[in-house]
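For reference, the structure is listed below as structure tokens.
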Amino acid sequence: MGANEDQEMELEALRSIYEGDESFRELSPVSFQYRIGENGDPKAFLIEISWTETYPQTPPIISMNAFFNNTISPAVKQSILARLQEAVDVNLGTAMTYTLFEFAKDNKDQFMENHHPVHATTSINNIITVETPNSVLPSKKKEKKEQLSKAQKRKLADKTDHKGELPRGWNWVDVVKHVSPTHLPSTSTC
């Protein structure tokens with residue numbers, strides 16, 4: 001009986017605290033979601049807290065399985081849940097849903113420090129690929145290109161002339177000639 005009375009009091013408190021808060025969602029009288037971070041924030045995430053029958057004497061079930069979190073790696077989710085679990089242990093026996101949501105809000109940046117959304121990873125990779133040639137291989141690469149390019153170009157030009165290979169793009173002009181006289185009139189008549 002005591003646990004249920006505690007739950008009813010906490011439910012009323014949650015409803016009044018988060019009234020009008022778009023980040024809060026009551027899925028059922030014992031299950032709640034809260035979005036940590038603004039809408040559109042690449043580091044926003046969603047926490048779901050469900051009360052067991054014996055909550056708050058026993059821990060609530062905390063989940064990050066919502067589709068909203070599908071860009072977050074399992075490792076990052078696991079570390080967030082582990083940190084929340086520490087807060088659960090400290091607050092066991094007391095109404096803690098609000099405390100857990102607020103704890104997650106206060107520690108959002110720390111929780112998500114290892115999270116790299118899809119866009120961020122590509123830009124980080126680009127930065128790395130740009131930095132490595134500049135910092136590691138610039139002199140070697142540039143020297144080789146400058147030394148070899150002129151001589152190589154001459155040799156390649158000579159080779160193609162001697163072998164009688166057709167220059168690159170020799171057939172492009174034919175394709176253009178083919179397309180323009182035959183196909184254009186037919187398309188204009190349609």
Side-chain angles (χ1 to χ4, degrees), residues 3-142:
N4 287 342
E5 284 172 23
D6 289 342
Q7 287 181 13
E8 281 175 35
M9 285 175 64
E10 185 173 357
L11 178 60
E12 284 174 31
L14 286 170
R15 283 173 175 167
S16 64
I17 291 166
Y18 291 119
E19 190 179 355
D21 187 338
E22 289 178 12
S23 298
F24 178 76
R25 196 160 158 224
E26 183 183 318
L27 304 176
S28 79
V30 294
S31 189
F32 313 92
Q33 275 184 349
Y34 199 87
R35 186 186 70 232
I36 311 297
E38 292 304 309
N39 224 341
D41 180 349
K43 290 197 171 186
F45 59 94
L46 200 68
I47 295 174
E48 192 172 306
I49 295 177
S50 303
W51 298 343
T52 58
E53 278 183 42
T54 48
Y55 169 87
Q57 275 63 46
T58 56
I61 297 156
I62 305 172
S63 161
M64 287 189 70
N65 294 335
F67 182 75
F68 186 89
N69 298 329
N70 68 339
T71 60
I72 303 169
S73 73
V76 170
K77 285 182 193 174
Q78 207 51 54
S79 72
I80 292 172
L81 291 170
R83 293 287 306 281
L84 287 169
Q85 197 55 54
E86 289 170 19
V88 167
D89 296 342
V90 173
N91 292 287
L92 206 56
T94 64
M96 68 179 94
T97 304
Y98 170 79
T99 308
L100 293 173
F101 286 150
E102 292 303 305
F103 176 70
K105 278 161 71 173
D106 293 342
N107 293 280
K108 174 182 159 272
D109 293 334
Q110 201 182 345
F111 281 2
M112 296 297 276
E113 63 187 345
N114 296 319
H115 170 63
H116 306 292
V118 180
H119 303 300
T121 47
T122 52
S123 60
I124 286 165
N125 289 342
N126 289 345
I127 291 161
I128 291 165
T129 49
V130 169
E131 279 175 7
T132 8
N134 289 354
S135 56
V136 181
L137 310 163
S139 54
K140 287 180 187 173
K141 268 196 172 181
K142 282 181 185 170

*Mind listing the closest non-hydrogen atom pair of Thr94 and Pro56 along with its distance?*
O-CB, 3.3 Å
*asked:* Looking at every heavy atom in both Ala66 and Gln33, which two are closest together, and how far apart are they?
replied: CB-NE2, 4.1 Å
_Test your reading of the model: is there a side-chain donor-acceptor pair from Ser28 to the backbone of Ser31, 3.5 Å cut-off?_
yes
*State, to 0.1 Å, how close Phe32 and Val30 come at their nearest heavy-atom pair, and which atoms those are.*
CE1-C, 3.7 Å
*asked:* Surrounding CD of Gln85 (heavy atoms of other residues, nucleotides or ligands, distance under 6.0 Å), is the total greater than 12?
replied: yes
*Run the numbers on His115 and Thr71 for side chain to side chain contact (heavy atoms under 4.5 Å, CB included), then give the verdict.*
CA-CA 9 Å; His115 170 63; Thr71 60; 4.0 Å; yes
*About how many Å separate CD of Glu48 and CG of Asn69, when rounded to the nearest 0.5 Å?*
9.5 Å
*Got a sec, which residues hit salt bridge (Lys or Arg N to Asp or Glu O under 4.0 Å) with Glu113, two or more places apart in sequence or on another chain?*
none
*asked:* Ignoring hydrogens, what is the shortest heavy-atom contact between Ala87 and Leu100? Give both atom names and the distance.
replied: CB-CD2, 3.7 Å
*From Tyr18 OH over to Thr97 OG1, what is the distance, rounded to the nearest 0.5 angstrom?*
8.5 Å
*asked:* For Leu11 and Gln7: C-alpha separation, side-chain torsions, deciding distance, then whether side chain to side chain contact (heavy atoms under 4.5 Å, CB included) applies.
replied: CA-CA 6 Å; Leu11 178 60; Gln7 287 181 13; over 6 Å; no
*Please identify each residue that fulfils salt bridge (Lys or Arg N to Asp or Glu O under 4.0 Å) with Asp106, with sequence neighbours left out.*
none
*So, do Asn39 and Glu22 sit near enough that their side-chain heavy atoms are less than 4.5 Å apart?*
no
*Evaluate side chain to side chain contact (heavy atoms under 4.5 Å, CB included) for Glu10 paired with Tyr55, printing each intermediate quantity in order.*
CA-CA 11 Å; Glu10 185 173 357; Tyr55 169 87; 2.8 Å; yes
*Calculate, to the nearest 0.5 Å, the distance between atoms CG and CG belonging to Leu14 and Asp21 respectively.*
11.0 Å
*Of the non-hydrogen atoms in Leu92 and Pro59, which two are nearest, and what is the gap between them?*
CD1-N, 3.6 Å
*asked:* Going by the rule side-chain hydrogen bond (donor to acceptor under 3.5 Å, both in side chains), which residues pair with Arg15 if we only count those two or more places apart in sequence or in a different chain?
replied: Glu26
*asked:* I need the Asn114 CG to Ile80 CD1 distance, nearest 0.5 Å.
replied: 10.0 Å
*asked:* Please give me the minimum heavy-atom distance between Met112 and Val76, naming the atom from each residue.
replied: SD-CG1, 4.1 Å
*Walk me through it: do Phe111 and Ile36 pass the test side chain to side chain contact (heavy atoms under 4.5 Å, CB included)?*
CA-CA 11 Å; Phe111 281 2; Ile36 311 297; over 6 Å; no
_Spacing of Ile17 atom CD1 and Glu12 atom CD [to the nearest 0.5 Å]_ = 11.5 Å
*Can you tell me how far CD1 of Ile62 sits from CG of Leu84, rounded to the nearest 0.5 angstrom?*
5.0 Å
*With the side chain counted from C-beta on, respond yes when Val90 and Met96 share a heavy-atom pair under 4.5 Å apart, and no when they do not.*
no
*Taking the six-membered ring for Trp and the single ring otherwise, decide whether the centroids of Tyr34 and Tyr98 are under 6.0 Å apart.*
no
